[in-house]
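Written out below as structure tokens is the structure these notes cover.
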Amino acid sequence: MPNIERERRIAKIRCDNARELQLRLFPDWPDDRRGAPKTVVRSAIFGVVRRGRRQRVVEMPVACPVGTTIMITGWRLDQHDCDVWLEVMHLARNTTPGTEVRFTMHSMLKRLGLPADGKEHYDRLKRRLKHLSETTLSYETPTNEGVAGALISDFDIDKATGEAVVTTNPKIRSLWESVSWLDVEQRRSLGANQLAKALHAMLAALPEWPPMRLDTLMQRVGAEYGRLRDFKSALASVLDDFRATGWIRGYTIGKGDGGLVSIDKVPTPTQARALAARPK
């Protein structure tokens, strides 16, 4: 009997150690995908921000799924900041949070599909790293509340070699319990269209698109449009393009501010299997 109890304790320790290791590492994903927490891509942490409107904010609530409250303090982040963060976290996948990620500014600009020469793009990339390190998330869920910290802990650039060293933030590890895989080539093909990138990421996080009010969707992607009709027009243009490329089968947008946006999306193979396994 004592031997059985001892073996049970050893098995529990091994299970706990494996679980701890899993929690300690950032997740892994294929090289042709970019991993992003579903909490992030289904909220307005990275918004659709117009050029010239970048601002500092203090405890600014961002739209997110029901049951969760997220506030940011620091810079209002946009989809181009998201592109940088996705690439940094791609290099950090399957590593221990708090690890240093190294890359040259030249190589990162190439990853982002930007000209790797010229001071303008170099300075813009440096500013985006600065914004990511200076913007803090605080949150409240039905079970927890607290401060998750900045999206990256810090960064340092060697001016002589152009090598950047970014330290990931262990405090945001909890965001990565549920991850979406974004098709990086599809995202890159969207160019500078921030609304298209925000919708592409949100669609990737949802096996099925839940019908959503037009004004709610504008808030959820953090879109800065002066009039809802302008957002509706831009949304229709993006969804027309998505339908032409075969990413969605079709869509409808109801009338009025509260008109429902319904999208018939094409699920990934993994999502299709999950949908097929649902009870009728």
Side-chain angles (χ1 to χ4, degrees), residues 32-38 40-55 62-64 75-90 108-116 118 120-121 124-125 127-129 131-132 151 180-206 209 212-253 259 261-266 268:
D32 63 345
R33 297 292 187 268
R34 294 296 179 266
K38 290 184 179 179
V40 173
V41 297
R42 293 183 62 192
S43 70
I45 292 173
F46 294 102
V48 180
V49 182
R50 294 182 182 181
R51 179 175 291 187
R53 296 175 62 90
R54 185 65 63 102
Q55 57 182 327
V62 296
C64 53
W75 294 95
R76 185 71 181 95
L77 302 172
D78 63 17
Q79 288 297 313
H80 303 306
D81 296 310
C82 185
D83 286 333
V84 175
W85 190 60
L86 289 173
E87 291 300 331
V88 169
M89 296 310 300
H90 185 66
M108 181 56 72
L109 288 170
K110 291 185 69 175
R111 280 178 168 274
L112 295 167
L114 298 172
E120 178 186 357
H121 295 288
R124 192 170 296 164
L125 173 56
R127 283 198 303 273
R128 296 195 185 283
L129 291 171
H131 294 159
L132 291 170
L151 290 162
S180 295
W181 291 0
L182 310 184
D183 186 311
V184 66
E185 291 305 323
Q186 288 182 358
R187 185 173 174 89
R188 286 172 179 167
S189 72
L190 300 173
N193 191 327
Q194 292 194 62
L195 179 57
K197 288 185 173 182
L199 285 169
H200 178 265
M202 188 177 286
L203 283 165
L206 296 166
W209 179 269
M212 191 179 303
R213 285 172 55 109
L214 181 65
D215 50 0
T216 299
L217 179 57
M218 187 169 82
Q219 294 172 359
R220 284 284 292 276
V221 296
E224 295 185 347
Y225 286 83
R227 300 179 301 177
L228 193 61
R229 72 175 75 171
D230 296 330
F231 172 70
K232 182 177 182 179
S233 176
L235 174 65
S237 178
V238 168
L239 292 177
D240 283 339
D241 289 342
F242 283 10
R243 181 170 54 191
T245 56
W247 300 349
I248 64 173
R249 300 184 186 94
Y251 72 92
T252 58
I253 304 176
V261 179
S262 298
I263 302 175
D264 184 9
K265 66 163 287 185
V266 177
T268 65

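On a predicted model such as this, the values are computed, not experimentally measured, just so you know. Along the sequence shown, the residues carry numbers beginning at 1.
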Practice task
Please report the closest heavy-atom contact between Ala204 and Ser180, naming both atoms and the distance.
Solution key: O-OG, 4.0 Å

Handout entry: From NE2 (His80) to CZ (Arg124), nearest 0.5 Å
Key = 8.5 Å

Practice task
Evaluate the side-chain proximity of Trp85 to Leu77: yes if any heavy-atom separation is below 4.5 Å, no if none is.
Solution key: no

Practice task
Look up atom CG in Asp183 and atom CZ in Arg33, then write down how far apart they are to the nearest 0.5 Å.
Solution key: 4.0 Å

Practice task
Look up atom CG in Leu151 and atom CZ in Phe46, then write down how far apart they are to the nearest 0.5 Å.
Solution key: 5.0 Å

Practice task
Provide the closest heavy-atom pair for Met212 versus Thr216 in the form atom of the first, atom of the second, distance.
Solution key: CG-CG2, 4.0 Å

Practice task
Would you give the length of the straight line joining atom SG of Cys82 to atom CD1 of Ile45, rounded to the nearest 0.5 angstrom?
Solution key: 9.5 Å

Problem - Smallest separation among heavy atoms of Val221 and Ala44, with atom names - result: C-CB, 4.1 Å

Completion exercise
Interatomic distance, CG@Leu112 vs CG@Leu125, rounded to 0.5 Å, equals 6.5 Å

Would you tabulate the side-chain donor-acceptor contacts of residues 238-245 under 3.5 Å, counting partners in other chains and residues two or more places apart, or write 'none'?
| from | atom 1 | to | atom 2 | distance (Å) |
| --- | --- | --- | --- | --- |
| Asp240 | OD1 | Arg243 | NH2 | 3.0 |
| Asp240 | OD1 | Tyr251 | OH | 2.7 |
| Thr245 | OG1 | Asp241 | O | 3.2 |
| Thr245 | OG1 | Phe242 | O | 3.0 |

Completion exercise
Smallest heavy-atom separation, Tyr225 atom then Met218 atom, equals CB-SD, 4.2 Å

Practice task
Can you sort out the partners of Leu206 under side-chain contact (heavy atoms from CB on, under 4.5 Å), two or more places apart, ordered by chain and number?
Solution key: Arg42, Met202, Trp209, Pro210

Handout entry: Check: Leu132 and Val88 side chains under 4.5 Å, non-hydrogen atoms
Key = no

Completion exercise
Of all heavy-atom pairs linking Ala63 and Gln219, the shortest is CB-O, 3.2 Å

Exercise for the section: Kindly state each residue pair satisfying side chain to side chain donor-acceptor pair (under 3.5 Å) with at least one member in residues 228-238, sequence neighbours excluded. Expected result: Arg227-Asp230

Handout entry: salt bridge (charged side-chain N to carboxylate O under 4.0 Å, His left out) contacts touching residues 79-88 (sequence neighbours left out)
Key = Arg34-Glu87, Arg54-Asp81, Asp81-Arg128, Asp83-Arg187, Asp83-Lys197, Glu87-Arg111, Glu87-Arg188

Handout entry: Point-to-point distance, once rounded to the nearest 0.5 Å, from CG of Leu228 to CG of Leu214
Key = 4.0 Å

Handout entry: Non-neighbouring partners of His200 that pass ring pair (Phe, Tyr, Trp, His ring centres under 6.0 Å), sequence neighbours left out
Key = Trp247

Problem - Working for side-chain contact (heavy atoms from CB on, under 4.5 Å), residues Val184 and Leu86 - result: CA-CA 10 Å; Val184 66; Leu86 289 173; over 6 Å; no

Practice task
For Gln194, check side-chain hydrogen bond (donor to acceptor under 3.5 Å, both in side chains) against everything at least two apart and list the hits.
Solution key: none

Problem - Nearest heavy atoms of Ala36 and Val41, plus distance in Å - result: CB-CG1, 3.6 Å

Problem - Residue pair Trp75 / Val49, side-chain heavy-atom distance below 4.5 Å - result: no

